[in-house]
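Below, chains carry the letters A, B, ... as their sequence lines are ordered, and counting in each starts from 1.
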There are 2 protein chains.
Amino acid sequence: MSDQNRGKIPTIHDVARIAGVGIGTVSRVINHSTGVKPATRQRVQAAIEELRYSPNLIARSMISRNTGAIGIIVPFFTRPFFIEVLQGAVAAITHMGRELVLYNVETNDQRDRYFRDLPGQRKVDGLLVISLSPDDVAASAFRQAGMPVVLVDAYHPLLTSLVVDNIEGAYQAVKCLIAHGHRRIGFINGVTEGNFRFNQANDRLIGLHRAIGEAGLLFEPELVLTAPWDRQGGKQAALQLLARADRPTAIFAASDVQAIGVLEAARSLHLSVPADLSLIGYDDIEMAEVLELSTVQQPMKRMGELGVQKLLACIGGTADGEFLPELIRLQPSLMMRHTVIHTAPNV
Amino acid sequence: MSDQNRGKIPTIHDVARIAGVGIGTVSRVINHSTGVKPATRQRVQAAIEELRYSPNLIARSMISRNTGAIGIIVPFFTRPFFIEVLQGAVAAITHMGRELVLYNVETNDQRDRYFRDLPGQRKVDGLLVISLSPDDVAASAFRQAGMPVVLVDAYHPLLTSLVVDNIEGAYQAVKCLIAHGHRRIGFINGVTEGNFRFNQANDRLIGLHRAIGEAGLLFEPELVLTAPWDRQGGKQAALQLLARADRPTAIFAASDVQAIGVLEAARSLHLSVPADLSLIGYDDIEMAEVLELSTVQQPMKRMGELGVQKLLACIGGTADGEFLPELIRLQPSLMMRHTVIHTAPNV
DNA sequence: TTGTATGCGTTATCAT
DNA sequence: ATGATAACGCATACAA
């Protein structure tokens with residue numbers, strides 16, 4: 001009895017036949033519709049059990065015109081920042097009994113293909129886009145296709161966007177460094193690899209400028225470097241910064257992973273943090289706590305969670321795509337741990 | 001022109017109408033079938049562009065009976081070990097132009113529901129299961145439903161399984177500690193939360209026993225503790241171990257995240273690693289390198305990648321589910337960094 | 001070379 | 001309360 005119908009997946013028709021009813025009735029019991037006589041309901045249930053039937057979700061999607069899935073487009077999903085955003089998003093998605101389709105992007109091409117194709121394919125009911133900004137044509141294509149989209153850590157006027165104030169975050173960090181007596185402050189920014197995270201990097205630079213200007217300090221272009229958003233990038237940039245005769249007494253890194261690279265660089269140079277070098281990172285990933293790294297905290301899980309909630313609101317609450325874009329601003333906050341101290345008054 | 005048909009997704013019929021052909025022809029050009037006159041092909045292409053048409057993948061799946069998606073069932077996907085396995089898997093999936101549906105599981109219930117429902121739902125063409133072992137009924141249900149499955153870091157006789165030798169890994173670690181003169185060795189194992197990672201934890205314990213037995217040492221049960229697979233777990237367990245009058249001179253942790261917790265515990269106790277305490281972790285996650293943690297390396301990315309490859313082989317190479325289970329063994333390797341030294345001969 | 005009809009497994013709208 | 005039947009959007013066999 002176990003092998004004779006191997007590989008044959010039962011359909012609603014099989015259930016109907018076994019139970020001796022029509023498919024309509026089976027459909028009704030599956031969907032918990034009212035108006036089924038308890039006796040027949042029993043028979044149908046029994047048939048379902050016997051056949052181990054479970055409804056073909058593809059066929060269901062075909063007619064119901066929704067898939068129960070949320071798509072997330074995210075660059076380099078293994079990086080800690082994205083992981084923590086994803087964590088919040090997944091929690092919300094799972095909590096709502098939905099599925100997650102993950103679209104990892106590592107090149108401009110991939111990103112553009114996803115933006116172009118995903119709306120029409122109808123494999124997901126909505127799209128959460130993380131740290132990637134669609135251009136105008138992509139954005140209007142989303143709207144035209146009636147595909148709900150929310151942007152997290154990215155912005156477009158036509159789309160609901162959830163941003164955190166990167167200018168403010170960078171400003172706070174640099175201001176703090178200045179308040180601790182630092183005058184030569186190195187800034188390791190992230191590259192805008194194929195325009196990924198373009199605004200983010202730019203805003204952090206603006207925040208730096210603001211803090212420096214406000215303190216009446218001179219901006220020294222040779223102290224700002226641009227490096228990949230990873231440990232190696234941070235390490236190399238720090239090495240370069242720290243090799244200078246007039247090396248900075250403090251470094252502000254655009255991300256915690258880069259800051260970790262700075263820590264590695266300092267170690268290899270036998271420089272002690274914070275005794276010889278103060279350091280502030282950005283994001284507040286889990287490792288920042290372990291390393292006692294002072295950093296600018298972003299509410300990453302909250303961003304993912306809130307993004308999904310907004311997205312589900314769009315999906316659920318619209319008769320025909322009549323959702324209007326919303327701009328949600330979240331605030332970063334400076335998280336002081338043990339990588340910042342006052343400079344020795346050696347100048 | 002931009003708003004009059006907003007929300008209306010074009011179908012193959014629309015394209016056919018615009019191009020002035022039948023839907024069969026449109027279908028043929030979409031699927032690059034031969035036997036379409038270049039001229040009409042042009043017209044169809046033009047219509048597709050004009051309408052920004054892209055085929056409804058749901059409808060296509062309905063008839064082709066495959067979805068182009070791979071499902072991955074993974075517990076606590078944000079933990080570094082799983083992230084690295086996922087990284088390898090995603091690379092392989094993306095490389096093959098497929099989609100990833102991520103099923104994150106945090107409870108026994110979730111796991112069992114996924115095992116029970118996913119095969120019949122046909123939302124994915126195959127399932128990669130990470131660090132979770134289906135029971136016999138689940139395993140045979142997979143086979144019966146004709147759903148290709150491969151297990152990574154888990155084992156079941158009916159399913160293709162990819163395992164790494166945890167006994168050997170633990171054995172090597174403890175043996176190394178013993179070779180460095182350690183006699184009192186603490187072991188922080190991971191809990192088998194709802195039977196997750198049951199074999200893994202058990203095998204590590206067996207490896208420990210083997211090394212201890214081989215060296216003619218006495219096994220001291222009070223030195224083995226079971227803790228959650230996270231930093232807090234490792235830290236608490238280490239605190240407990242290190243509070244003893246006859247505290248161990250070395251600790252072997254069942255995972256790197258727990259080992260990081262040990263590092264935190266040592267720091268809070270003003271104990272220096274490795275001067276006062278030697279430490280070996282397990283997995284070799286990225287942070288292990290930063291922290292210079294000696295550890296047992298698992299080929300995580302390779303596991304994910306290979307798992308997907310095997311899975312795709314199952315999916316592609318079978319007329320009717322006639323794939324036979326395979327057992328693939330990978331070897332761990334001891335990765336010595338800077339958290340192990342010889343004990344001072346103080347006894 | 002191309003158009004039309006059939007069916008994939010559901011749900012929903014009808015009759016009954 | 002329940003059974004037949006029409007969509008859903010596509011691929012495909014078959015007719016033209």
Side-chain angles (χ1 to χ4, degrees), chain A residues 7-45 47-48 51-69 117 119-125 145-147, chain B residues 7-45 47-48 51-68 117 119-125 145-146:
Chain A
K8 175 74 182 101
I9 297 123
T11 75
I12 199 172
H13 287 97
D14 299 319
V15 176
R17 189 167 37 75
I18 300 289
V21 300
I23 62 167
T25 303
V26 177
S27 181
R28 275 182 282 265
V29 341
I30 292 170
N31 298 293
H32 307 97
S33 297
T34 61
V36 177
K37 190 158 51 176
T40 48
R41 179 180 295 275
Q42 292 299 326
R43 293 219 311 287
V44 173
Q45 292 284 18
I48 289 177
L51 266 46
R52 274 202 187 71
Y53 166 80
S54 89
N56 183 323
L57 261 31
I58 295 292
R60 180 178 289 178
S61 294
M62 180 93 197
I63 171 145
S64 72
R65 318 182 71 76
N66 57 248
T67 64
D117 298 337
Q121 297 184 170
R122 317 314 299 186
K123 295 259 299 189
V124 295
D125 297 337
M147 172 68 69
Chain B
K8 177 72 180 102
I9 297 123
T11 75
I12 200 173
H13 286 96
D14 299 319
V15 176
R17 189 166 37 73
I18 299 290
V21 300
I23 63 164
T25 303
V26 176
S27 181
R28 276 182 281 265
V29 340
I30 292 169
N31 298 293
H32 306 98
S33 298
T34 61
V36 177
K37 190 159 50 177
T40 48
R41 180 180 295 274
Q42 292 300 325
R43 294 219 311 285
V44 173
Q45 293 284 18
I48 289 177
L51 265 48
R52 274 201 187 73
Y53 167 80
S54 90
N56 182 322
L57 260 32
I58 296 292
R60 180 177 287 179
S61 293
M62 182 91 203
I63 172 154
S64 72
R65 318 183 72 74
N66 57 248
T67 64
D117 298 336
Q121 298 184 170
R122 317 311 304 183
K123 295 258 299 188
V124 296
D125 297 337

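- Heavy atoms of I58(A) sit nowhere under 4.0 angstrom from any nucleic acid atom.
- Distances shorter than 4.0 Å separate some side-chain N or O of Y53(A) from OP1 or OP2 on dT10(C).
- Atom CG in N31(A) sits roughly 15 Å away from atom C1' in dT13(C) (whole-Å rounding).
- The distance from atom NE2 of H13(B) to atom P of dA11(D) is 11 Å, rounded to the nearest whole Å.
- Distances shown here put every side-chain N or O of S61(A) at or beyond 4.0 Å from the OP1 or OP2 atom of dT10(C).
- What separates CZ of R28(B) from P of dC10(D) is a distance of 15 Å, to the nearest Å.
- At a threshold of 4.0 angstrom between heavy atoms, the contacts of G120(A) with the nucleic acid are absent.
- Among the heavy atoms of the strands lying under 4.0 Å from T11(A) are primed sugar atoms or P, OP1, OP2 only; no base atom is included.
- The nearest whole Å value for the distance from the CD1 atom in I12(A) to the P atom in dT2(D) is 15 Å.
- OP1 and OP2 of dG9(C) both lie 4.0 Å or more from every side-chain N or O belonging to R122(B).
- Put simply, CD1 on I23(B) and OG1 on T11(B) are 8.5 Å apart, with the number rounded to the nearest 0.5 Å.
- What separates CD1 of I63(A) from C1' of dC8(D) is a distance of 6 Å, to the nearest Å.
- What separates CD1 of I23(A) from C1' of dA12(C) is a distance of 10 Å, to the nearest Å.
- The backbone N or O of I58(B) lies less than 3.5 Å from a partner atom in the side chain of N56(B), making a donor-acceptor pair.
- One can place CZ of R60(B) at 11 Å from C1' of dG9(D), the figure rounded to the nearest angstrom.
- Of the candidates dT11(C), dG9(C), dT2(C), dG9(C) carries the atom nearest the M62(A) side chain, counting heavy atoms from C-beta on.
- Rounded to whole angstrom, the span from the CD1 atom of I30(B) across to the C1' atom of dG9(D) amounts to 10 Å.
- The shortest distance between the side-chain N/O atoms of T25(A) and the OP1/OP2 oxygens of dG3(D) is below 4.0 Å.
- Between T40(B) and dT2(C) there is a side-chain N or O to OP1 or OP2 distance below 4.0 Å.
- Phosphate contact (OP1/OP2 of dC8(C), side-chain N/O of N56(A), threshold under 4.0 Å): absent.
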